[in-house]
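Data block below; observations after.
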Amino acid sequence: MATQKVLIISTGGTISMVKDKKTGALRPADFEEFKSFIPELGATDIDVELHPIVPFIDSSDVDPDMWSQLAQTVYDNYDKYDGFVILHGTDTMAYSASALSFMLENLNKPVVFTGSQLPIGVPRSDARENLQTAIEIAAAIDEDGDAIVPEVTIFFEDRLFRGNRTTKKNAEHFFAFKSYNYPHLAQAGVHIHYFPHVIFYCDKRQPLRLHTAIDRNIAILKLYPGITKQMVHAILHIKGLRAVVLESYGAGNAPSAKWLYKELKDAVDKDIIIVNKTQCMAGSVEMGRYQTSINLLNAGVISGHDITTEALVTKLMYLLGGLGTDTPRVKELLEQSICGEMTIE
Ligand code: ASP
């Protein structure tokens, strides 16, 4: 069997940080320091190459330009490698993985995000295991030579998740991520067990298509008891606003105050797209189930079903970036699962 080739694209994050000798604070390692901590890279039968995106950054500094750069790097190297591993800080990893799942249409090779809770150079670090397993998953092929997991994923601790279904849930535990509404795609123990029935496969005959246009003119409006009309009004009147993620209660419920309904309806009438996303981690929006969500339906708010905030934010940016002012088409695609990001009952 030919040797599998994997490209590791490194952006920074804790996985590539070291303790500064002078200050004792964590700072991004330079590329040479980083390589010195993972001699194992040369010891597998997978051919691994490193592509650093420098300077390394904390993922709190990641923005859509970084998503475009990452997607472009995968696209440019697509034919040269069998799979890709992206080293990324954990804080915004779920956003980046979601964004790439939309930007890389017809993906037929693995793109595995991973990171760590402890820096690569410290004792007990989870970095090496996460990295080694992510490389193995990125290189894994079936008996026909096809990639086993040809989607954008996140590998952390012992599980492989669909990227656009994942949320960071813990700032301390090694088990830092969870996919609340979709099963994990693989489990790593002594062996790596893959679950093909839940993996997303797209049409192999279609070529990879890159989409890097992003529209950042969106906002998140989180409801809470006592929310004021001024606050809602201010958000819905942001200049240039195109779409709002409305974080509602439970199965998609909101206060029944008339002013709220009117503010939302006025915004929809001005062509602003409002998507209802529950504040609950698990479960789905079901508008119309309770009286308290009927107002939202009547105002023209659309359902986000069981999508994560990370996937919804990036899906909106991607759709608005690509489709511009074609609001009906954006709304149509928001009601569809493009690459497994939500379950439509
Ligand atoms: N602040 C870090 C980052 O997201 C945390 C981590 O990598 O775990 O870049």
Side-chain angles (χ1 to χ4, degrees), residues 1-11 44-51 67-88 93-94 96-114 131 133-155 159-166 179 182-188 192-213 311 314-315 318-319 321-322 333 336-343:
M1 207 198 304
T3 307
Q4 292 294 98
K5 289 187 79 177
V6 171
L7 183 64
I8 301 177
I9 305 165
S10 177
T11 67
T44 71
D45 55 2
I46 300 164
D47 191 352
V48 176
E49 281 172 36
L50 294 156
H51 178 100
W67 303 337
S68 300
Q69 209 178 337
L70 286 173
Q72 185 76 53
T73 305
V74 171
Y75 185 81
D76 292 344
N77 290 283
Y78 196 64
D79 295 333
K80 286 184 249 153
Y81 296 90
D82 301 288
F84 301 84
V85 170
I86 299 183
L87 301 184
H88 194 290
M93 190 187 289
S96 296
S98 298
L100 260 68
S101 75
F102 300 118
M103 291 170 135
L104 296 167
E105 188 184 349
N106 302 323
L107 184 69
N108 266 306
K109 294 186 179 181
V111 175
V112 188
F113 279 76
T114 196
L131 177 55
T133 313
I135 292 171
E136 215 173 295
I137 292 168
I141 46 172
D142 61 20
E143 51 286 355
D144 299 323
D146 294 326
I148 297 183
V149 195
E151 41 169 312
V152 179
T153 54
I154 290 180
F155 178 77
R159 283 181 195 188
L160 183 73
F161 304 104
R162 174 167 302 154
N164 59 34
R165 288 286 194 156
T166 311
S179 166
Y182 198 74
H184 49 286
L185 312 181
Q187 175 98 38
I192 302 174
H193 295 284
Y194 295 96
F195 310 120
H197 59 289
V198 289
I199 294 173
F200 183 82
Y201 300 98
C202 55
D203 186 348
K204 286 205 190 74
R205 293 161 306 182
Q206 301 301 323
L208 179 69
R209 286 186 63 199
L210 176 69
H211 305 275
T212 53
T314 54
K315 184 173 179 178
Y318 152 78
L319 289 176
L333 289 169
Q336 293 170 24
S337 179
I338 297 175
C339 45
E341 72 276 12
M342 61 187 193
T343 317

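Side-chain contact of Arg165 with Thr343: a donor-acceptor pair under 3.5 Å is present, judged by distance alone.
Between His184 and Ser179 the shortest side-chain heavy-atom distance does not fall below 4.5 Å. Side chains of Ile199 and Pro150 form a contact here, defined as non-hydrogen atoms less than 4.5 Å apart. No side-chain heavy atom of Lys80 sits under 4.5 Å from any side-chain heavy atom of Glu49. You'll find the side chain of Leu185 reaches within 4.5 Å of the side chain of Glu151, heavy atoms only. In this structure, the side chains of Ile137 and Tyr194 come closer than 4.5 Å at one or more pairs of heavy atoms. By the 4.5 Å heavy-atom criterion applied to side chains, Phe113 and Leu100 are counted as neighbours.
When every heavy atom of Ala139 is checked against every heavy atom of Val6, the shortest pair comes out as CB-CG2, 3.8 Å. The minimum heavy-atom distance linking Ser68 with Met103 is given by the pair OG-CE, 3.7 Å. Residues Asn164 and Ala311 approach most closely at O-CB, 3.3 Å, considering heavy atoms. Smallest separation of non-hydrogen atoms from Cys339 and Ser101: SG-O, 3.4 Å. Shown here for Ala213 and Gly321, the closest heavy-atom pair between the two residues is CB-O, 3.5 Å. Taking each heavy atom of Asn106 and Pro207 in turn, the nearest pair found is ND2-O, 2.9 Å.
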Please report the C-alpha distance between Leu319 and Ile338 in whole Å, then the side-chain angles of each, then the deciding distance to 0.1 Å, and finally whether the side-chain contact (heavy atoms from CB on, under 4.5 Å) criterion is met.
CA-CA 11 Å; Leu319 289 176; Ile338 297 175; 4.1 Å; yes
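By the 6.0 Å and 45° rule, Lys109 does not stack over the aromatic ring of Tyr81.
Ring-centre distance between Tyr318 and His211: below the 6.0 Å cut-off.
Put simply, OH on Tyr75 and CD on Glu105 are 11.5 Å apart, with the number rounded to the nearest 0.5 Å. The CG atom of Leu131 sits 11.5 Å away from atom CD of Glu136, with the distance rounded to the nearest 0.5 Å. Taken from CG in Asp146 to CG in Asp82, the straight-line distance is 11.0 Å, to the nearest 0.5 Å. Atom OH of Tyr201 and atom CD1 of Ile148 lie 8.0 Å apart (nearest 0.5 Å). Expressed to the nearest 0.5 Å, how far CG of Leu104 lies from CG of Leu70 amounts to 9.5 Å. Rounding to the nearest 0.5 Å places OG1 of Thr114 at 6.5 Å from CZ of Phe155.
The backbone N or O of Leu87 lies less than 3.5 Å from a partner atom in the side chain of Thr11, making a donor-acceptor pair.
Using a 30° and 60° split on the angle between ring planes, Phe84 and Tyr78 fall in the parallel class, below 30°.
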